[in-house]
Number of protein chains: 2
Amino acid sequence: MPAATIKDVAREAGVSVASVSRALNGGRGVTAETGQRILEAAQRLRYVPHAAARMLITRRTNTVGALLPDLYGEFFSELIRGIDLAARSRGLHLLVSSSHDDAEAAAAALRAMQGRVDGLLLMSPHADADFLRQNLPQNLPTVLINTRLSGADYCALSVDNDGGARLMVEHLLSLGRRRIVFIQGPPGNRDATQRELGYRESLASHAPDSPMMMLRGDFSEESGYRAGHQVLAMRPRPDAVFAANDMMAIGCLAALREAGLRIPQDIAVGGFDDVPMARYVTPPLTTIQVHIAELGGQAMALLGEQLDHPDDVRAGSRRRVDAELVVRASSAAPSG
Amino acid sequence: MPAATIKDVAREAGVSVASVSRALNGGRGVTAETGQRILEAAQRLRYVPHAAARMLITRRTNTVGALLPDLYGEFFSELIRGIDLAARSRGLHLLVSSSHDDAEAAAAALRAMQGRVDGLLLMSPHADADFLRQNLPQNLPTVLINTRLSGADYCALSVDNDGGARLMVEHLLSLGRRRIVFIQGPPGNRDATQRELGYRESLASHAPDSPMMMLRGDFSEESGYRAGHQVLAMRPRPDAVFAANDMMAIGCLAALREAGLRIPQDIAVGGFDDVPMARYVTPPLTTIQVHIAELGGQAMALLGEQLDHPDDVRAGSRRRVDAELVVRASSAAPSG
DNA sequence: GGCGCCAACGTAAACGTTTTCATGGCCGAT
DNA sequence: ATCGGCCATGAAAACGTTTACGTTGGCGCC
């Protein structure tokens with residue numbers, strides 16, 4: 001038995017399809033009584049409007065697409081959660097596509113979403129200006145998440161890496177640390193470079209006499225571990241380490257502890273991200289927390305605005321979500 | 001400028017819309033030469049078929065829906081990753097909806113997907129037989145993930161909790177441990193009860209003389225910590241703890257270490273899940289790894305089969321994905 | 001009581017595609 | 001040379017909605 005169509009409902013209720021449509025969409029232009037009759041008929045037949053037909057005529061899909069890079073772990077899950085929640089509260093569906101390794105795959109994914117979505121949430125390392133101009137349908141509302149794009153052509157939203165890093169540096173300075181070494185992330189990584197920038201700025205403005213010290217890293221725990229060994233070899237020894245992400249901080253922590261250093265007495269350690277593990281390492285890691293779900297939610301909200309007011313095209317609008325300092329024992333000895 | 005339609009392509013190429021359609025879908029019934037001309041025209045116009053129109057006539061959406069419970073963390077992200085990958089390789093889109101707290105919300109989400117998807121991947125604590133009969137469109141191919149459903153009406157797929165737990169117990173027994181205490185998960189939780197079952201079975205069959213010992217827990221780290229204290233009070237003391245998940249194992253580990261016990265010499269500890277943190281606690285945690293992405297991928301594969309052969313309705317087919325023992329220092333002292 | 005207006009309702013067009021069916025041309029076989 | 005058949009192509013129907021427009025009826029007002 002094929003699914004009931006609007007015609008079936010019309011016949012069942014003894015009215016025309018137009019009236020059914022009217023009754024089901026807000027019920028204007030229809031008597032309360034007729035509306036009731038139609039509603040009952042629809043219910044009886046378990047009528048569900050055919051989404052495709054509606055999309056075709058309406059030119060709205062009530063769906064937004066989320067294009068994400070291949071992303072393991074918590075960040076992705078939190079982001080999706082925030083997006084999904086915000087989307088649902090606006091009555092929008094969510095079409096996701098992750099794991100596109102190269103620009104070509106991303107472009108394909110983008111093309112495949114053509115016409116299936118009213119708007120796009122895009123987070124991709126390949127999303128430079130050229131790529132977008134090339135692959136993005138011109139009039140599709142889009143919000144960029146955490147892209148390295150500086151042009152004013154698109155709406156964008158990102159985490160406040162810079163501000164977060166400054167928070168950390170200021171925290172360490174407030175503890176009296178003066179020799180703060182920074183462990184860098186992968187070269188070219190936007191988050192990493194922004195965090196480094198925050199470190200530089202903050203140090204320059206708050207403690208111009210303190211030396212700037214950088215060590216190479218690539219966000220991996222191993223690279224943090226290696227950096228830890230380099231820290232141990234530095235003379236005079238730094239009194240604080242700020243790693244561009246938690247995993248490196250954790251690796252560094254291990255190296256320092258193995259060498260017999262006391263943390264935080266001999267050297268303080270700070271990370272970035274507040275991964276779940278951060279509170280479980282010994283000592284628990286001071287870090288910068290980013291409300292990732294909120295990042296997703298805000299991106300969705302921004303997109304929602306664009307959908308509601310397509311004319312009012314505030315393209316270049318940018319927003320950032322705040323980062324927050326979480327102090328744990330790796331920087332401040334337990335009180336008492 | 002509105003997007004190009006098939007008519008525009010037809011005009012541009014000097015053929016009828018029918019030929020364009022044929023050329024673009026496999027190109028059968030069309031001369032190689034005309035096909036080429038049409039393809040070029042389409043490319044020139046940046047033509048992308050209107051998804052809705054195609055759905056309407058074809059009655060295929062090329063989309064599958066994934067309904068997931070509100071799920072934080074790694075499990076969700078891995079599952080989605082596996083699903084997405086498998087879906088993409090079949091040319092299917094993925095419509096997700098998570099975070100439905102109660103059965104009503106889940107039902108609403110389900111209804112909203114009506115007609116937008118060709119098949120459904122469903123993982124919901126509310127998915128009992130009644131719920132499904134009530135809310136599931138009758139002819140929609142569906143694969144259940146990790147549900148507590150025993151009926152043979154639907155395709156289902158789950159992780160081998162039982163087998164995984166047996167692996168752990170056998171491992172502990174092989175180390176000579178004979179007093180193995182089990183920390184339970186939340187009552188009513190399917191995974192938890194299956195893991196407990198595996199513990200019971202394995203102990204009964206391989207070491208009938210060993211006592212069965214249970215402690216209450218709820219999957220949280222704190223509950224594991226509390227259970228750890230209870231372990232410390234037991235006389236004679238157990239020589240191994242098997243927690244129903246990693247977080248409890250980690251909490252328990254902390255309690256035991258605080259009390260001065262050496263792990264694994266005095267007491268071995270095992271968990272379940274292999275969360276990323278498991279390898280970073282001290283000592284690294286022996287645990288059972290489940291390939292969650294594979295769970296998602298297999299579910300998608302199962303669904304794909306159903307989509308390809310809708311007639312060949314092997315409804316009750318069940319599958320499980322294997323669990324794997326990962327031995328780390330919390331159960332086996334580092335060799336050498 | 002007639003006129004006009006408004007609200008309720010029906011008719012039909014439109015959305016963009018696929019697919020069935022008809023048509024014509026070409027080629028091979030007789 | 002004619003006929004049959006096949007293949008490329010085109011015309012048009014169909015998918016299930018929404019919506020512009022037309023029609024009807026009732027009602028108020030002159």
Side-chain angles (χ1 to χ4, degrees), chain A residues 1-39 41-42 45-63 111-118 137 139, chain B residues 1-39 41-42 45-63 91 93 112 114-118 137 139:
Chain A
M1 139 200 46
T5 80
I6 198 174
K7 282 187 192 169
D8 300 322
V9 179
R11 190 172 339 110
E12 176 85 5
V15 295
S16 75
V17 293
S19 293
V20 176
S21 176
R22 281 189 278 259
L24 263 35
N25 306 347
R28 285 201 328 207
V30 150
T31 308
E33 185 204 2
T34 342
Q36 185 59 28
R37 203 169 67 236
I38 292 174
L39 234 66
L45 296 173
R46 287 194 187 325
Y47 169 69
V48 174
H50 195 289
R54 200 197 287 243
M55 285 182 211
L56 178 57
I57 189 73
T58 301
R59 306 193 134 310
R60 281 209 100 209
T61 63
N62 284 312
T63 304
R111 232 171 302 134
M113 282 205 173
Q114 271 275 31
R116 309 182 85 99
V117 298
D118 296 333
N139 279 333
Chain B
M1 140 198 48
T5 79
I6 198 174
K7 283 186 191 169
D8 300 322
V9 179
R11 191 171 341 109
E12 176 85 6
V15 295
S16 74
V17 292
S19 293
V20 177
S21 175
R22 281 190 277 259
L24 264 34
N25 306 346
R28 287 202 326 209
V30 149
T31 308
E33 186 205 0
T34 355
Q36 186 59 27
R37 203 169 68 237
I38 292 174
L39 233 66
L45 268 49
R46 286 190 185 332
Y47 168 69
V48 175
H50 196 290
R54 201 198 286 243
M55 286 181 211
L56 179 56
I57 189 73
T58 301
R59 305 192 133 314
R60 282 207 100 208
T61 62
N62 283 313
T63 304
H93 295 259
Q114 271 275 32
R116 309 182 85 98
V117 298
D118 296 333
N139 280 334

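Since the model is a prediction, treat every value here as computed from it, not as a measurement. Every heavy atom of this structure was used, including side-chain atoms; hydrogens, water molecules and symmetry mates were not. By convention in this document, chain letters (A, B, ...) are assigned in the order of the sequence lines, proteins followed by strands, and residues within each chain are numbered from 1.
Take B:L39 and apply the side-chain contact (heavy atoms from CB on, under 4.5 Å) test, not counting sequence neighbours, and it matches B:L24.
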Next item on the list: Apply side-chain contact (heavy atoms from CB on, under 4.5 Å) to B:T34 and B:R22, showing your working.
Entry: CA-CA 11 Å; B:T34 355; B:R22 281 190 277 259; over 6 Å; no
Notebook entry, point to check: Would B:H50 and A:R59 satisfy side-chain contact (heavy atoms from CB on, under 4.5 Å), going step by step from the backbone distance to the final call?
Noted result: CA-CA 10 Å; B:H50 196 290; A:R59 306 193 134 310; 3.4 Å; yes
At a cut-off of 3.5 Å, list every protein nitrogen or oxygen paired with a nitrogen or oxygen from nucleotides 13-21 of chain C, distance to 0.1 Å.
| unit_1 | atom_1 | unit_2 | atom_2 | d |
| --- | --- | --- | --- | --- |
| C:dC15 | O3' | A:R59 | NH2 | 3.1 |
| C:dG16 | OP1 | A:R59 | NH2 | 2.4 |
| C:dT17 | OP1 | B:Y47 | OH | 2.6 |
| C:dT17 | OP1 | B:H50 | N | 3.0 |
| C:dT17 | OP2 | B:I6 | N | 2.4 |
| C:dT17 | O5' | B:Y47 | OH | 3.1 |
| C:dT18 | OP1 | B:N25 | ND2 | 3.1 |
| C:dT18 | OP1 | B:R54 | NH1 | 3.2 |
| C:dT18 | OP2 | B:S21 | OG | 2.7 |

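No side-chain heavy atom of B:E33 sits less than 4.5 Å from a side-chain heavy atom of B:I38. The side-chain heavy atoms of B:V17 and B:S21, taken from C-beta on, include no pair separated by under 4.5 Å. Contact check for B:R37 versus B:V15: side-chain heavy atoms found under the 4.5 Å cut-off. Counting heavy atoms from C-beta on, the side chains of A:R116 and B:M55 come closer than 4.5 Å.
Of the residues listed (B:T63, B:T61, B:N62), the one engaging B:D118 in a side-chain hydrogen bond (donor to acceptor under 3.5 Å, both in side chains) is B:T61, and it is the only one.
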Which atom pairs, one a donor and one an acceptor, fall under 3.5 Å between side chains of residues 4-14 of chain B and the rest of the protein, sequence neighbours left out?
| unit_1 | atom_1 | unit_2 | atom_2 | d |
| --- | --- | --- | --- | --- |
| B:T5 | OG1 | B:K7 | N | 3.1 |
| B:D8 | OD1 | B:R11 | NH2 | 3.2 |
| B:D8 | OD2 | B:T5 | N | 2.8 |
| B:E12 | OE2 | B:R44 | NH1 | 3.3 |

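In terms of heavy atoms, A:G35 sits closest to A:V30 at N-CG1, 3.5 Å. Contact record, A:M113 with B:H93: N-CE1, 4.3 Å, taken as the closest heavy-atom pair.
Atom CZ of A:R60 sits in a crowded spot, with more than 12 heavy atoms from other residues, nucleotides or ligands closer than 6.0 Å.
Residues from residues 28-35 of chain A that place a heavy atom under 4.0 Å from any atom of DNA chain C, listed by number: A:G29, A:V30, A:T31, A:T34.
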Item checked: Contact letters for nucleotides 22-28 of chain D, in which S counts primed atoms plus P, OP1 and OP2 and B counts the base, heavy atoms under 4.0 Å -> -------
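Going from atom CD of B:Q36 over to atom P of D:dT9 covers 13 Å, rounded to whole Å.
Direction change of the helix axis from one end of the helix from C:dG1-D:dC30 to C:dT30-D:dA1 to the other is 50°, with five pairs defining each end axis (rounded to 10°).
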